[in-house]
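The next block holds one structure in the form of structure tokens; read it before the comments.
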Amino acid sequence: MTDKARAGFKELQKEVLELKRELNAIIVAHNYQRPEVQDIADFTGDSLELARECVGTRAEVIVFCGVLFMAETAAILNPDTMVLLSHRDAGCPLADMIDVDSLREWKERYPQAAVVAYVNTTAAIKAGSDICCTSANGAEVVNAIPDEEILFIPDRNLGHYVSTRTDKKIVLYPGFCATHDNLTVEEVGKARQRYPEARVLVHPECRPEVIELADAALSTSQMLRYAGASNAKDFLIGTEEGMLYPLRKQNPDKEFHLISDSLVCPDMKMTTLETVIETMKARKNIVTVPEEIRVRAKRAIERMLAIS
Ligand code: 13P
């Protein structure tokens, strides 16, 4: 980054901090956000940690730097706090792969199955599910509930990964995250050739054959903990490129290489310091969830939080 760009960010960051005081706001940012956005956050983390961090905040406003389903989760858990999404259009194509009608159809097909919904779903889908899970706790959740048959929605790759860690019958809904699903066995092979000593860490939204080649399949925050505790010096990272920033920041003596340049989530990249400022200034992109949906979605999230 040039000195000019750095100075520009500093000015904008100062403005964000002033607005934060004015609004009595907290700012939370997902690990995939741009570095300069992560730097203004009170808290960064994976989706489970962000959901937890917002609970019971004394702030009047939560500025959520991430994508819509994450901000919705914050709104579900904090009905008395205004939640602002850092960019109006930042969504999650994976979350949009299942709607209420298709969930109803799948539930009719598997009436005896408990519905476990990955948090990458809309509030309405969470409301129609028995319990939520994240990439950090999928198997833990599935193994903790009494049901023997699980309808796992909407990510088939995470669902498959969970199925390798339980004896229960898992029915997979065919959704996927295009960013992770695009990562190929060939790309992992090439990266391994370049860095033969490196540990390979991938997200469980990657395809099963990619996960099989990895040393570990981990949520974003689990990657941070793994890298911090490991004796290895080199890591190949199979998740969204924003993750490189906290990994490098927390482990300056270690090297992190992205397995493929295509590991970029366009929605996560929509948020910039400018969109955060616009959002805060205008108090816009307010995320609301109808009360009837909120109450049922909250039950599914809280069941998860009680387990994990
Ligand atoms: P984490 O829960 O690991 O942060 O992942 C969230 C996500 O959306 C991955 O694509």
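We count ligands from 1, going down the list as the structure has it; atoms in each ligand are counted the same way.
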Please produce the table of protein N or O atoms sitting under 3.5 Å from N or O atoms belonging to ligand 1, one pair a line, distance to 0.1 Å.
from, atom 1, to, atom 2, distance (Å)
ligand 1, 2 (O), Ser47, N, 3.4
ligand 1, 2 (O), Ser47, OG, 2.5
ligand 1, 2 (O), Ser135, OG, 3.2
ligand 1, 3 (O), Ser135, OG, 2.9
ligand 1, 3 (O), His203, NE2, 2.9
ligand 1, 3 (O), Thr220, N, 2.9
ligand 1, 4 (O), His30, NE2, 2.7
ligand 1, 4 (O), Ser47, N, 3.4
ligand 1, 4 (O), Thr220, OG1, 2.7
ligand 1, 5 (O), His203, NE2, 3.2
ligand 1, 8 (O), Asn120, ND2, 3.0
ligand 1, 10 (O), Glu205, OE1, 3.0
ligand 1, 10 (O), Glu205, OE2, 3.1

Euclidean distance, Met243 CE relative to Asp46 CG, rounded to 0.5 Å: 8.5 Å
Rounded distance (nearest 0.5 Å) linking atom OH of Tyr32 with atom CG of Leu263: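 With rounding to 0.5 Å, OH (Tyr32) is 9.0 Å from CG (Leu263).
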Residues Leu103, Ile153; criterion side chain to side chain contact (heavy atoms under 4.5 Å, CB included); working and verdict: CA-CA 9 Å; Leu103 176 58; Ile153 59 169; 3.9 Å; yes
No-hydrogen, no-angle side-chain donor-acceptor test under 3.5 Å, Asp234 and His257: yes
Donor-acceptor side-chain pairing of Ser221 and Glu49 below 3.5 angstrom: yes
Lys233, NZ: over 12 other non-hydrogen atoms inside 6.0 angstrom: yes
